[in-house]
Amino acid sequence: MDLSGQLEALTANAAEVIPVPELESKLRTGRPLRVKLGLDPTAKDVTLGWAVVLRKLRQFQDLGHTAVLILGDFTAQIGDPSGKDETRPMLTKDEVDAHARQVLEQFDLIVSSDRLEIRRNSEWLESLGAAGLLEVSTHHTVARMLERNDFAERFAEGSAISVREFLYPLLQGYDSVAVEADVELGGTDQHFNLLVGRHLQRVYGQEPQVVMEMPLLEGTDGVQKMSQSLGNYIAITEPAEDMFGKLMRVPDRLMEKYFRLATDLSDEAIADALAQPPQEAKRRLAESVVRLYHGERAGLDSRAHFDRVFKDHELPEQIDDVTIPAHAVKDGRIDVPSLLKALGFASSSSDARRLIDQGGVRLDGAPVEANVIGADEVRGKILRVGKRHFARLL
RNA sequence: GGGGGGAUACCCAAGUGGCCAACGGGGCCUGGCUGUAAACCAGGUGGCUCAGCCUUCGCAGGUUCAAAUCCUGCUCCCCCCA
């Protein structure tokens, strides 16, 4: 691909590229660029939000550049004593390794293993030492730190900011120095930290990295950014049907954003989809995303499943057979709360009782009205709890 | 080092001796409506052998017929001044 083609393709979805001319001149050298991406080893899943950045990284790889993944094992081991919650336990090396392995495995679905370099920041941060840390921190002022929005806000409202949090951006920035990054990717929430990298590289006599920020994808609640701690995320490893269902629950107004950031559809295909009635547009969205991570077939199948169960209100094509556990049977009658709990359809038997009271438990479509019912009223029937849980009772 | 404030269920937050399994909001769950949603409406949201019982309000003791609320000690957190 020629220079302007590369530039255009790479910057296409980016929220911000600082500065574009530097990216252009780096590309012009023709050498493979080192594209850095930091990885938080505390997370367990790769979300569609994270995938936005990962897919950008993949794009760089496809154009012949080198992906440099940095595991933040050092910082994870320090733990974070700040915040109102009880002190977060420090992660041991083993825990970091376990997380890293899990996450990297998922990365495989997006990032190519060619032109990939994986580093741990303990490699250089461990030996940096107190003196080195002081040296790094010399080049930033408190005023500058307070420029960062979240710090400024928290400071203004009088809530706590730990010194460690101040140091964090410096360490992340130092990573860029250590790996001699040409480009660093991140979400727009990383703005400040990414710029610290530029600054430090200059201090250490390197050519500063280009910062490329990708838009943040809102989660399924449609408001807050997709995050694992908020529980509003869709993981790329999620079963196809669940993934499809969650995507259908994304608010309409976010459809275009999801199309652009989470699918590989062309502008034309996106425009065409959005010209459809909303429910059809959203089906295409869900199908496209599922296809990306589970393959063509799964995309079609999960769409069919969704239509069948939620649109036409029919039973799923496949329902697991379940034998009623002995402890849910008393004197030949079925204790429904025990049954729901045993099947994992209710978190406790109290929860199960509530579901029954509220009409959320059905047998062959008829609401269950008592906690204890005769075994003959149950056997061979389809149990449905809420919208999503089904089982055929034997 | 000094002063002040705080710790309540998933989160925020009310409650200062009995009417407290604990107001209100968010989130979440169920039902209704629908396009699957959003918006909206209704209900629910500690556990259990469930019209009753058991365990919760930072931790440990104590006072009382009775404590989230009072007393003592402890732990942790935040802010301000130096």
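Chain naming here is simple, since letters A, B, ... match the order of the sequence lines and numbering starts at 1 in each.
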Please give me every residue in residues 304-320 of chain A whose heavy atoms get under 4.0 Å of an atom in RNA chain B, ordered by residue number.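 Residues of residues 304-320 of chain A that come under 4.0 Å of RNA chain B are, in numerical order, A/F306, A/F310, A/K311.
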- Query: Heavy-atom contacts under 4.0 Å between residues 358-368 of chain A and RNA chain B, which residues?
  - Reply: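 Result for residues 358-368 of chain A: A/Q358, A/G359, A/G360, A/R362, sorted by number.
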_Run the salt bridge (charged side-chain N to carboxylate O under 4.0 Å, His left out) test against A/R202 and tell me which residues pass, sequence neighbours left out._
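With neighbours one apart ignored, the set is empty.
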Tell me every residue that passes salt bridge (charged side-chain N to carboxylate O under 4.0 Å, His left out) with A/K257, counting only those two or more places apart in sequence or in another chain.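 With neighbours one apart ignored, the set is A/E218.
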Next on the checklist: Please classify the nucleic acid contact of A/R353 as base, sugar-phosphate, or nothing, using heavy-atom distances under 4.0 Å.
Outcome noted: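 Base contact - A/R353 has a heavy atom under 4.0 Å of at least one base atom.
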- request: Indicate, with a heavy-atom threshold strictly under 4.0 Å, whether A/K282 touches base, sugar-phosphate, or nothing.
  value: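 If one applies the 4.0 Å heavy-atom cut-off, A/K282 turns out to touch a base.
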Spacing of the [atom1] atoms in [M] and [N] (rounded, Å):
| N | M | atom1 | value |
| --- | --- | --- | --- |
| B/C79 | B/U64 | C1' | 36 Å |
| B/A68 | B/C23 | C1' | 14 Å |
| B/G47 | B/A21 | C1' | 10 Å |
| B/A38 | B/C29 | P | 10 Å |
| B/G6 | B/C50 | P | 43 Å |
| B/C78 | B/G73 | P | 23 Å |
| B/G46 | B/U56 | P | 16 Å |
| B/U63 | B/U8 | C1' | 23 Å |

*asked:* Please list all pairs meeting salt bridge (charged side-chain N to carboxylate O under 4.0 Å, His left out) that have one or both residues in residues 341-352 of chain A, counting only residues at least two apart or in different chains.
replied: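 Applying salt bridge (charged side-chain N to carboxylate O under 4.0 Å, His left out) to every pair that reaches into residues 341-352 of chain A, excluding sequence neighbours, yields A/D351-A/R354.
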_Residue met sooner reading RNA chain B from 5', once A/R283 and A/S338 are mapped to nucleotides_ =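 Residue closer to the 5' terminus by nearest nucleotide: A/R283.
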Exercise for review: Nearest-nucleotide wise, let me know which of A/R249 and A/K330 is further upstream toward the 5' end of RNA chain B.
Suggested key: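 Checking each residue's closest nucleotide, the 5'-ward one belongs to A/R249.
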Rounded to the nearest angstrom, tell me the gap between atom [atom1] in [X] and atom [atom2] in [N].
| X | N | atom1 | atom2 | answer |
| --- | --- | --- | --- | --- |
| A/R388 | B/U30 | CZ | P | 6 Å |
| A/Q224 | B/C28 | CD | C1' | 14 Å |
| A/L285 | B/G35 | CG | C1' | 15 Å |
| A/E241 | B/U36 | CD | C1' | 15 Å |
| A/N232 | B/C28 | CG | P | 9 Å |
| A/R303 | B/U36 | CZ | P | 12 Å |
| A/M248 | B/A38 | CE | C1' | 13 Å |
| A/K246 | B/C28 | NZ | P | 11 Å |

Taking only residues two or more places apart in sequence, or in another chain, which ones meet A/H294 in a ring-ring contact (aromatic ring centres under 6.0 Å, His included)?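 Checked A/H294 against ring-ring contact (aromatic ring centres under 6.0 Å, His included); zero matches.
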Item checked: Partners passing ring-ring contact (aromatic ring centres under 6.0 Å, His included) against A/H305 (at least two apart in sequence or in another chain) ->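 A/H305: no ring-ring contact (aromatic ring centres under 6.0 Å, His included) contacts found.
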- Task: Check the pair A/V289, A/L48 against side-chain contact (heavy atoms from CB on, under 4.5 Å), reporting the backbone distance first and the verdict last.
- Result: CA-CA 9 Å; A/V289 177; A/L48 288 183; 3.9 Å; yes
Mind checking who [N] pairs with, Watson-Crick or G-U wobble, both distances under 3.5 Å?
| N | value |
| --- | --- |
| B/U72 | B/A60 |
| B/G1 | B/C81 |
| B/G43 | B/C29 |
| B/G17 | none |

*Is the shortest heavy-atom distance from the side chain of A/V68 to the side chain of A/L37 under 4.5 Å?*
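No, their side chains stay 4.5 Å or more apart.
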Table of protein N/O atoms under 3.5 Å from nucleotides 45-47 of chain B N/O atoms:
| from | atom 1 | to | atom 2 | distance (Å) |
| --- | --- | --- | --- | --- |
| B/G47 | OP1 | A/S348 | OG | 2.8 |
| B/G47 | OP2 | A/R354 | NH2 | 2.3 |

Check this for me: A/R297, atom CZ, are more than 12 non-hydrogen atoms of other residues, nucleotides or ligands nearer than 6.0 Å?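 Incorrect, the count does not exceed 12.
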>> So for A/D252 and B/G35, does any side-chain atom that can act as donor or acceptor lie under 3.5 Å from a complementary atom in the base?
In response: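 Yes.
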Side-chain donor/acceptor pairs under 3.5 Å, residues 12-22 of chain A, sequence neighbours excluded:
| from | atom 1 | to | atom 2 | distance (Å) |
| --- | --- | --- | --- | --- |
| A/N13 | ND2 | A/R260 | O | 3.4 |
| A/E22 | OE1 | A/R198 | NH1 | 3.0 |
| A/E22 | OE2 | A/R198 | NH2 | 3.3 |

Tell me which pairs pass side chain to side chain donor-acceptor pair (under 3.5 Å) where either residue lies in residues 56-66 of chain A, with sequence neighbours left out.
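Counting only pairs at least two positions apart or across chains, the side chain to side chain donor-acceptor pair (under 3.5 Å) contacts touching residues 56-66 of chain A are A/Q6-A/H65, A/K56-A/Q59, A/R58-A/D62.
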Donor-acceptor contacts, no H, no angles, side chain residues 387-394 of chain A, under 3.5 Å, sequence neighbours left out:
| from | atom 1 | to | atom 2 | distance (Å) |
| --- | --- | --- | --- | --- |
| A/R392 | NH1 | A/D321 | OD1 | 3.4 |

Item checked: Axial cation check for A/Y233 ring with A/K225, 6.0 Å and 45° limits ->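 Ring-cation test returns no.
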Results of side-chain hydrogen bond (donor to acceptor under 3.5 Å, both in side chains) for A/R34 - residues two or more places apart only: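 Partners of A/R34 under the side-chain hydrogen bond (donor to acceptor under 3.5 Å, both in side chains) test: A/E117.
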Less than 3.5 Å apart, any donor N or O on the side chain of A/W124 or A/D175 sitting next to an acceptor on the other?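 Result is yes, a qualifying pair exists.
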